[in-house]
Amino acid sequence: MRVVRRRRVACSFSAESAERIIVALDGMAPDQALAFSAQVEGLRWVKVGLELFVQAGPEVVAQLRDQGLRVFLDLKFHDIPATMAGACRRAAALGAELITVHACAGSEGLQAAQAAAVEGAESTGQQSPTLLAVSVLTSWEEQRLQRELAISQGIAARVSALAQLSATAGIGGCVCSPWEAAVLRAQQPEPFALITPGIRPKGAAVGDQARVMGPAEAIAAGASQLVIGRPVTKAEDPSDAFARCCAELRI
Ligand code: C5P
């Protein structure tokens with residue numbers, strides 16, 4: 001096991017644990033995001049969301065990759081199949097290795113997205129990315145789904161059904177709450193990826209997240225990678241905070 005030794009912080013952590021943690025670059029201006037990612041020692045993965053991408057464009061993905069980082073492009077594509085395919089082809093050609101799509105796009109859109117992502121990566125000589133399906137956004141509540149969208153299915157059943165639809169369409173994983181990970185993992189064995197936000201390491205503020213879980217518990221529940229934002233990005237010493245998240249995984 002390769003161990004990353006650190007001068008300034010008390011923790012050491014394995015390269016494998018760093019691969020499991022994706023730091024969300026939310027709420028940062030492009031320059032700030034690039035300076036931040038360059039500063040965190042041992043960082044392997046970053047998540048670029050809509051806000052940063054709308055400001056900085058595809059260039060920011062190239063710049064992060066130039067820093068040696070792996071990029072999760074979280075733009076949650078949802079459109080007609082041809083447009084989903086076009087967007088995923090371009091995202092894969094940029095070198096994004098994880099890309100989100102909405103499962104509600106349906107099997108035709110998901111299959112088109114998956115096939116186009118493979119083509120996009122091949123066209124630039126890169127590894128095929130993993131597409132991740134988003135099922136029910138955690139901002140929805142069951143009653144509101146029924147009232148506003150006439151969806152009477154319970155959220156848990158809907159998350160399972162949409163994960164199954166995605167897996168059948170050839171999508172490589174999904175984004176879910178850590179509290180959904182155990183049930184989904186039982187239904188979708190590896191290598192189907194389960195990526196979980198809503199993670200709080202020891203001592204971190206819960207903030208606006210309603211249901212959180214610790215890093216080691218989420219991995220034990222079946223998550224393959226964790227998305228962590230503010231506990232690292234808002235920390236006084238982000239390198240130290242990242243190291244502590246990794247060390248908590250004990251892998
Ligand atoms: O700062 P924090 O660790 O709460 O950030 C979590 C990241 O995961 C943010 O990018 C947020 O948008 C995203 N996310 C989430 N909950 C979901 C889906 C995505 O917190 N259900």
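Reckoned from all heavy atoms, side chains included, excluding hydrogens, waters and symmetry mates. On a predicted model such as this, the values are computed, not experimentally measured, just so you know. Whatever order the structure lists them in is the order used to number ligands and atoms, beginning at 1.
- Among residues two or more places apart in sequence or in another chain, the salt bridge (charged side-chain N to carboxylate O under 4.0 Å, His left out) test is passed with Asp66 by none.
- In the hydrophobic clustering, Val212 connects to Val206, either directly or through intervening members, whenever side-chain heavy atoms lie under 4.5 Å apart.
- Using a cut-off of 4.0 Å between Lys/Arg side-chain N and Asp/Glu carboxylate O, Arg230 and Asp208 are scored as salt-bridged.
- Protein residues with a heavy atom under 4.0 Å from ligand 1 are Ala24, Asp26, Lys47, Thr138, Pro197, Arg200, Gln209, Val227, Ile228, Gly229, Arg230, Pro231.
- Looking at residues two or more places apart in sequence or on another chain, you find a side chain to side chain contact (heavy atoms under 4.5 Å, CB included) between Glu19 and Arg44, Trp45, Arg70.
- Using modelled atom types, one finds a donor on one side chain and an acceptor on the other under 3.5 Å when comparing Gln153 with Arg158.
- Judged by distance alone, with hydrogens and angles left aside, the side-chain atoms of Ser166 form a donor-acceptor pair with the main-chain N or O of Leu162 at under 3.5 Å.
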